[in-house]
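In this chain, numbering begins with 1 at the start of the sequence shown.
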Amino acid sequence: MDFLTALHISSTGLTAQRTTMNVISTNLANVNTTRTPGGIPYRRRVALMEAKPVEDFESALNSQSESLCGVGVSEIVEEMTPFRQVYRPGHPDANEMGYVSFPNVNVVTETTDIMLARRSYEANVTAISATKRMALKALEIGK
């Protein structure tokens, strides 16, 4: 594996974690959205990840593409858990019983997920920095 392949694999991790952070930010922004354009409360979204083989020319020639995998977001799906029901009879979106349906977003879960995404992002940045240092040290060998 060359340095560029290692950098490519780490960059796929950065891209995937950035997408995850964007999805979580959207969830947190809509934590109290009781009405979407579809007329229902906002549904929590989750980014699904999948391993993706590295597809560079050298790996294809050497048949190493099956052993080296990056990561990517395969799909962003809505979580179908029930909405939170809160008794607020004066709310404009309250039903005839006085309950309002709030999004199925839990702030604690979103905070935990964004911390995990941040740690994974930092780990990928560390891997890129280590790869760059290794490449620079390799260049010093010839001096």
- Message: Any non-hydrogen side-chain atom of V77 less than 4.5 Å from a side-chain atom of R45?
- Response: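 V77 vs R45: side chains apart.
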- Is R118 close to M21 at the side-chain level, that is, under 4.5 Å between some pair of heavy atoms?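 Of all side-chain heavy-atom pairs linking R118 with M21, at least one is under 4.5 Å.
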- Item | Path from L48 to Y121 over hydrophobic side-chain contacts below 4.5 Å |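 No.
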- In one Ile/Leu/Val/Met/Phe/Trp/Tyr side-chain cluster, 4.5 Å: F83, M80: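 Different clusters: F83 never reaches M80 through Ile, Leu, Val, Met, Phe, Trp or Tyr contacts under 4.5 Å.
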- Message: Treating S120 as the side-chain partner and A117 as the backbone partner, does any N or O pair qualify as donor plus acceptor under 3.5 Å?
- Response: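 Judged by distance alone, no pair lies under 3.5 Å.
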State which residues pass salt bridge (Lys or Arg N to Asp or Glu O under 4.0 Å) with [X]; sequence neighbours excluded, sorted by chain then number.
X: R43; result: none
X: R119; result: E122
X: R84; result: none
X: E50; result: none

Find the distance between [atom1] ([X]) and [atom2] ([Y]) and round it off to the nearest 0.5 Å.
X: L14; Y: I9; atom1: CG; atom2: CD1; result: 12.5 Å
X: T81; Y: N104; atom1: OG1; atom2: CG; result: 3.5 Å
X: L7; Y: T12; atom1: CG; atom2: OG1; result: 11.0 Å
X: T111; Y: L116; atom1: OG1; atom2: CG; result: 11.0 Å
X: F3; Y: L136; atom1: CZ; atom2: CG; result: 9.0 Å

Under a single-linkage rule joining Ile, Leu, Val, Met, Phe, Trp and Tyr whose side-chain heavy atoms are separated by less than 4.5 Å, which residues share a cluster with [X]?
X: M97; result: Y87, Y99
X: V86; result: V100, F102
X: I76; result: V23, M49, V71, V73

- Message: Strictly by side-chain hydrogen bond (donor to acceptor under 3.5 Å, both in side chains), give each pair with a member in residues 19-30 just once, sequence neighbours left out.
- Response: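 Of all non-adjacent pairs touching residues 19-30, those that pass side-chain hydrogen bond (donor to acceptor under 3.5 Å, both in side chains) are N27-Y42, N27-E110, N30-T33.
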- Task: Scan residues 123-135 for pairs that pass side-chain hydrogen bond (donor to acceptor under 3.5 Å, both in side chains), counting only residues two or more places apart or in two chains.
- Result: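 Checked against side-chain hydrogen bond (donor to acceptor under 3.5 Å, both in side chains) - neighbours excluded - no pair reaches residues 123-135.
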- Message: Which heavy atom of I24 sits nearest to which heavy atom of I114, and what is that distance?
- Response: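 Where I24 meets I114 most closely, the heavy atoms are CD1-N, 3.6 Å.
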- Which heavy-atom pair separates P103 from P41 by the least distance, and what is that distance?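 Where P103 meets P41 most closely, the heavy atoms are N-CB, 4.1 Å.
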- Task: Begin from the C-alpha positions of T34 and H91 and carry the test side-chain contact (heavy atoms from CB on, under 4.5 Å) through to its verdict.
- Result: CA-CA 10 Å; T34 58; H91 195 282; 3.7 Å; yes
- Task: With side-chain contact (heavy atoms from CB on, under 4.5 Å) as the test, would you mind laying out the steps for C69 and K52 before giving the verdict?
- Result: CA-CA 5 Å; C69 291; K52 292 188 174 180; over 6 Å; no
- Item | All pairs passing salt bridge (charged side-chain N to carboxylate O under 4.0 Å, His left out) where residues 24-42 contributes a residue, at least two apart |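 Matches after skipping sequence neighbours: R35-D93.
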- Mind checking side chain to side chain contact (heavy atoms under 4.5 Å, CB included) for T15 and listing every partner two or more places apart, or none if nothing turns up?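 Listed in chain order: R18.
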- Item | side chain to side chain contact (heavy atoms under 4.5 Å, CB included) involving E96 - partner list, sequence neighbours excluded |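 Applying side chain to side chain contact (heavy atoms under 4.5 Å, CB included) to E96 gives none.
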